[in-house]
Amino acid sequence: MNLADLNKVALAMVTPGKGLLAADESSGTIKKRFDDINVASTEGTRRDYREMLFRASEAMTQYISGVILYDETIWQNAADGTPLVRLIEQSGAIPGIKVDEGTQALPGCPGELITTGLDQLAGRLEKYYRQGARFAKWRAVIDIGQDIPSRTAIHVNAHALARYAALCQAAQIVPIVEPEVLMDGDHDIDRCYEVTERVLNKTFQELRIQRVALEGMILKPNMVIAGKKSPKQASVAEVAEKTIRLLKTCVPAAVPGIAFLSGGQSDQDATAHLDAMNRTSGLPWPLTFSYGRALQAAPQKAWSGKAENVAAGKLAFIHRARMNSLASKGEWQADLEARKAA
Ligand code: 13P
């Protein structure tokens, strides 16, 4: 392992004013997104859609530091035969790859999940590196409910995240460590704080035990936020203040950067929260975005599977990428939302 090079890639992923595009939806998830816009999900439509994003050159060269790909995409070619990975590299962004293989029910823990994909991971990482991937992602899922999460679910998911991270670093790939506490429930923001604190503390404990070099990883956490069904929604200022307070207590300053997931927040909420956090001075790490839905919902809708809408889809993506770029510098303002790229 060459830690200096891992650190260089990690820092490039959180370059000021840039963030990550999470375009790594599994075939099942992208089908759900395409169902919403009445587009059949085929290898061809998935390729066309992602090619549209990667060819939105203003977004890719100015606002996007790296793209998380799904296994299918990393091997696909654009319509003119250029590998999609090369399109990303040519724009100056770094290709990355989702390497977890989804979740399974966790035995003994009703309602809880464990992420799978460790068994053949070392060999897969080698192939992905050869194909151009310089970072990877593994998502652990922690749900909040009346009697969950259990200590067991937190422990085994943190253990798997650290196993994955250690294997990535051995393969000269920067691991994005993503322990996602879901915002699906009716819990309030303080319950999210408490659960996320337990999850992050256990995750960093496991990372240490398994000798993961913190300088060669990126953390992708949820924000501290009320559940979607909670009657008590927190203000932007409260989300920002509690998220930063929590991260400061749990995340060592040696970590090169933090790139949040959007987790089902509206586009504008995800941007406003990131912006509010970046208006805080004296943060120990760069804070940026690694959004899936909050970057892609608008371009998906604008595109709607039609070749004649590709230009509109690109503009919608450029706009969201620019808004989040500004938020990563604490320079976003709500009235900029109306001024769409043209
Ligand atoms: P969302 O921003 O849609 O949560 O997706 C990010 C991601 O990569 C989840 O694993």
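What you see is a predicted model, and the numbers here were worked out from it, not measured in a lab. Whatever order the structure lists ligands and atoms in, that order sets their numbers, starting from 1.
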Quiz item: Does the separation of the ring centres of Y49 and F34 fall below 6.0 angstrom?
Solution: yes
Quiz item: Out of L69, V85, T82, which residue meets the side chain to side chain contact (heavy atoms under 4.5 Å, CB included) rule with F54?
Solution: L69
Practice problem: Apply salt bridge (charged side-chain N to carboxylate O under 4.0 Å, His left out) to R163 and list each qualifying residue two or more places apart in sequence or on a separate chain. | Solution: none
Quiz item: Would you find a donor on one side and an acceptor on the other, under 3.5 Å apart, between the side chain of D24 and the backbone of T73?
Solution: no
Practice problem: Just grab all the ring pair (Phe, Tyr, Trp, His ring centres under 6.0 Å) pairs involving residues 177-222, residues at least two apart or on different chains. | Solution: none
Exercise. Return the protein residues near ligand 1 (heavy atom under 4.0 Å from any of its atoms), ordered by chain and residue number.
Key: A22, D24, K137, R139, E178, K220, L261, S262, G263, S290, Y291, G292, R293
Exercise. Sequence neighbours left out, what pairs pass ring pair (Phe, Tyr, Trp, His ring centres under 6.0 Å) with at least one residue falling in residues 140-167?
Key: W138-Y164
